[in-house]
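The next block holds one structure in the form of structure tokens; read it before the comments.
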Amino acid sequence: MIEVVNAFVDGNALLVTERVGSEMRKLRLRPEYSFFVRASDLDEDFAAMLRGSRALLAMKREGDWVRLCWADEWTRKAMVRGRKAQKNWSRAGEEEKAEPSPFQQRGIQTFEGDVDPVCRWLTDTPDARIARARRGYGDLETDSRCTIVEAKQGKARVVAIGLSSEDETFQWKDVLREWTDAEERRIIEGFFAQATQCGFDQLLFWNGEDFDFEVLSKRIERLGLDVDMRMKLWLDHMVLFRRMNLNSSDSGAEKQSMALQAIAQSQIGEGKEEIPPEVAARWPGRSLGSLTYELWEAGGWFRDLLVRYCMKDVLLMPRIERKTGFVALFDTLCDACRVLPDSRGLLPTRQMDGFMLPLAAARGHRFPTREWTDEESKPFAGAFVMAPKIRGIAREVHVVDFASLYPSIILTWNMSPETKARDLPVNGPIPEGYCRSPKTGTGFSTAVDGILPIALREMIRLRKEWSEKAAKLPPGTPEAKEAQRWSMAYKVAANSFYGVVGSPFSRFYDRSVAESVTQNGVWLIQETISAAEERGMRAVYGDTDSAFFQGASQTEVEAFVKWCNEELYPSLLAKVGCRKEHVAIKLAYEKAFERIVIVEKKRYAGVFRHYKGTLAKPMPAIGEAFDPARHSRPEIKGLEFKRGDATVLARQLQEAVIMDMMRGVERLADYRSHLERALAHVCTEDLPIGEVQQVKSLSKRPKDYHRKTPTGKDAEVPPHVKVAERIEAAGKSLGEGARVAYVVVDGSDGIEAISAEEYRGECDRYYLWEKLVYPPTMRVLEAAFPDEDWQTGLEKIRPKKQKPTADQRAVAKADAVGQASLFTALGDPALANPAPPVAASSEAKTTEGGAAVLSQELEWEMRWRE
DNA sequence: ACCTATCTGATGGCTG
DNA sequence: CAGCCATCAGAT
């Protein structure tokens, strides 16, 4: 057994680091640039010609295949793809013609001709297994006078570095003593020496892919250090956290920022480092992270502060890991999928490569070389979502769902690129030895198990094995936790397979297979719903793999699920040709909602009666405070409460209303008072930035958003992009994936917004209410009480524009930004004073606003009673 | 550089 | 200039 710690190609060597007991050993191997062809495709003449080629290093017969090993990557590429047409600019007018490779000329298909030497070696060395990495966590501070872009170009000196072991018993930090190259060389070399001495193979940095790793590599190059970055596995803890947390985060609060401080706050309750008064006094309004040079330059206590700040960030990471266990799970996943645990190992395409290639090779199967196409791939149809059939607050709604629907479908229909039937009629009788996807007509051979089902069955088997092992071990022990991680790793990997098959960038891409997976899902859930309705149950909603039913008791639903599994599916699946021993479709009775309100497709809130047979805790009674020990929280899907791009005010109001609905509040006046309180707050009180900001991420660089309108003008870019450009104009750079926090200061005619940092308490409160806070809650109320008239008079509060004179135009603008005329909206003209509202003290504002709100509340109460 | 379905909000054209 | 529709973007 070879325990592989690391492996990379260095020139013409494949360097593998292996752990043997407590020793590290280095293997120096030849990197293999190979592909396979079918032995039957290779005639004697061509084989002889190849043998004579100096570029071919080896040719080996392996079963039905011939393995051809080439001198280098360039040669292999030319043999696989031929030479592309190239414009030769040096010789004007001349163009080099495209030249197909000898394999292309003969129409010989190549297989696995894009696999890199590390993956190739891991695939061909069944003895090799990915070692559990020893983890170190690090952070570095660079010269704050440089922009991020400059720093990533290697122009910013590294000022300080911190490093810690996972258990924090080892901690190391260093800072420049002089502003010289020699000093920077000393601390960077020190960092690597410490990491190596501690035996860290894997180094985790927060946002490392987008900053630290690039900076380090550029500085190493610039300073000419004798350090090889490739000797370590670099893993971006932030990217890892984001991927793993996608499935488990609940409220919108956690989704606003991926900053280390924000994640630390939500995960371990460890907050931001307070800015010491000395710093605030000397550099008002600046964050510690933006002052690295200044703190260093000030020396003494300030320089120590810089180092403490750096080290604090380092230590947050192992603490987050102790809470989440995400890195340990990832390491297990890498072990299971035979990929190295660095940032690239996070990509599902690589994980599937790592799992599938060896498994297929052992069964004599090879995959076609991955084609590189610029063409847009045709989209394919996905899941079925039923339009909600109920209005109002429904009682006793039962939910059934399929266990791991897509993997089960792949098993049941024996779906795999190589089992896919060619020339099978899309309808009519199904020939013996085939099954068919009823909605796409795509058929699959059932004679030999497909490689994809084999892989999935293996994963499911291993998952079960580890779950059983975990159950036998004393709970909470490291062994039990490790067994649970294995079980979870196989689940994660198995669930990502369908997505990889649907991705044009993967070697397993097959559009018709992917579409048949989703469409078999559509067929199954629709058949289930029809069968239920025939038995008198009413389907009220369903999404992809679930159906929501009314009009049946718990016992009846249980009986229905049993009947589906024992009779319905076996008979349906036999009719489409699936073999009995392949059938893996299983319906489960997942839960029942005591109360549920479905606002739209994919948007609902409900409270459980039971979950997987376990009786749920009740909601707090009306008027009773929420106590997590005794009460359930409602399950909320898709609504603004769950969304990081909604304002906090919108989420709070929506949550308050949902909590009341779920505990049975029926008096509409109670809901109204929530609205009124919120409106009064929005209109008249101080609004901290955290309550009013919207957060959206950039899916590309800001400049890439610009385009022309159909009429040829420059089109407006989305508000968050405009703000990103304001931020960039102020000297900070924002790239793809950056999150922009912003506040709308005038939404009366188009959107005018500022960045959250520029916010000084002034925003367009009309816009905030009319567009951000009120509608999400109103949609829930309208769904819950559809027969009420929800013309509350609260939906539009911005005063109408009257034909303004030149003079008045200026005032109108001030109005939109300020709040004076809000008092008009609240119905008290006496308070509608256009004098500068911003200058008023917060106390005065609250008092005035309070009075205005009170009169309004009375008025509503009266209208309500009528 | 794992999938699609779906909602909501902003923009921009067109219409009456 | 409100209302309708199409399109894009982001989040789930």
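Reminder, nothing fancy here: chain letters follow the sequence lines and each chain counts from 1. Note that this is a predicted model, so its numbers are computed, not measured.
- By the neighbour-count criterion of 12 heavy atoms within 6.0 Å, atom NZ of A:Lys491 is sparsely surrounded, having that number or fewer from other residues, nucleotides or ligands.
- Closest approach to the A:Tyr498 side chain among B:dC2, B:dT4, B:dA10 is made by B:dT4 (side chain taken as heavy atoms from C-beta onward).
- As rounded to whole Å, 15 Å separates atom C1' of B:dC7 from atom OH of A:Tyr604.
- Distance NZ (A:Lys722) to C1' (C:dC8): 15 Å, rounded to an integer number of Å.
- For the pair A:Lys601 and B:dT6, the criterion of a side-chain N or O lying under 4.0 Å from OP1 or OP2 is met.
- The environment of CD in A:Glu527 is crowded: more than 12 heavy-atom neighbours from other residues, nucleotides or ligands sit within 6.0 Å.
- When distances run from any side-chain atom of A:Arg707 to the nucleotides B:dT11, C:dA9, B:dC2, the shortest one goes to C:dA9.
- Within 4.0 Å (heavy atoms only), A:Gly382 reaches sugar-phosphate atoms of the nucleic acid but no base atom.
- Close to C:dA9, at under 4.0 Å from its OP1 or OP2, lies no side-chain N or O of A:His720.
- Among the protein residues, A:Thr711 comes within range of the sugar-phosphate backbone only, with heavy atoms under 4.0 Å from sugar or phosphate atoms but none that close to a base.
- Positionally, the nearest nucleotide of DNA chain B for A:Phe497 lies more toward the 5' end than for the other of A:Val717 and A:Phe497.
- Among the atoms of the strands shown, only primed sugar atoms or phosphate atoms (P, OP1, OP2) are found under 4.0 Å from some heavy atom of A:Arg779.
- Using a 4.0 Å heavy-atom criterion, one finds that A:Lys602 contacts the bases of the nucleic acid, with or without backbone contacts as well.
- Rounded to a whole Å, the CG atom of A:Asp645 is 10 Å from the P atom of B:dG9.
- Here C:dA11 is the nucleotide among C:dA9, C:dA11, B:dT8 with the atom lying nearest to any side-chain atom of A:Ser697.
- Distance CZ (A:Phe380) to P (B:dT4): 4 Å, rounded to an integer number of Å.
- Here A:Ser699 reaches the OP1 or OP2 of C:dG10: one of its side-chain N or O atoms lies under 4.0 Å away.
- If you measure from atom CZ of A:Arg242 to atom C1' of B:dC2, you get 15 Å, rounded to the nearest angstrom.
- Rounded to an integer number of Å, the gap from A:Gln519 CD to B:dC3 P is 17 Å.
- With distances taken from any side-chain atom of A:Val500 to the nucleotides B:dT8, B:dC2, B:dG13, the minimum falls on B:dC2.
- Nearest to the side chain of A:Val385, among B:dA1, C:dG10, B:dT6, sits B:dT6.
- Here B:dA1 presents its P atom at 10 Å from CZ of A:Arg243, a figure rounded to the nearest Å.
- Within 4.0 Å (heavy atoms only), A:Arg643 reaches at least one base atom of the nucleic acid.
- Here A:Tyr705 lies in heavy-atom contact (under 4.0 Å) with sugar-phosphate atoms only.
- Note on A:Ser496: a base of the nucleic acid sits closer than 4.0 angstrom, heavy atoms only.
- Ionic pairing of A:Glu640 and A:Arg603 is present here: one or more N-O contacts between side-chain nitrogen and carboxylate oxygen are shorter than 4.0 angstrom.
- Look at the P atom in both C:dA6 and B:dT4: the space between them is 23 Å, to the nearest Å.
- Residue contacts for A:Pro719: at a heavy-atom cut-off of 4.0 Å it reaches the sugar-phosphate backbone alone, with no base atom in range.
- Heavy atoms of A:Ala381 sit under 4.0 angstrom from primed sugar atoms or phosphate atoms, though from no base atom.
- Annotation for A:Arg701: atom CZ does not count as buried by contact number, only 12 or fewer foreign heavy atoms lying within 6.0 Å.
- One can place CZ of A:Arg511 at 14 Å from P of B:dC3, the figure rounded to the nearest angstrom.
- Here A:Phe384 lies out of heavy-atom contact (under 4.0 Å) with every strand.
- Backbone-only contact: A:Lys700 has heavy atoms under 4.0 Å from sugar-phosphate atoms and none from a base.
- Residue A:Lys796 qualifies as open at atom NZ: its count of foreign heavy atoms under 6.0 Å is 12 or below.
- Nucleic acid contact class of A:Ala514 (heavy atoms, under 4.0 Å, all strands): none.
- Across all strands, A:Lys771 comes closer than 4.0 Å only to sugar-phosphate atoms, never to a base (heavy-atom distances).
- For A:Arg344, the CZ atom is loosely surrounded, since the number of other residues' heavy atoms within 6.0 Å does not exceed 12.
- Side-chain nitrogen and oxygen atoms of A:Ser506 include none within less than 4.0 Å of the OP1 or OP2 phosphate oxygen of B:dA1.
- Contact annotation for A:Phe508: no contact, since no heavy-atom pair falls under 4.0 Å across all strands.
- Considering only the side chain of A:Ile751, B:dT11 comes nearest among B:dG13, B:dT11, B:dA1.
- The side chain to side chain donor-acceptor pair (under 3.5 Å) test with A:Asp114 is passed by exactly one of A:Arg507, A:Lys77, A:Arg76: A:Arg507.
- Taking only side-chain atoms of A:Pro348, from C-beta outward, the nucleotide of B:dC2, B:dT8, C:dA11 with the closest atom is B:dC2.
- Annotation: cation-pi geometry not satisfied between A:Lys696 and A:Tyr742 (NZ/CZ under 6.0 angstrom from ring centroid, within 45° of ring axis).
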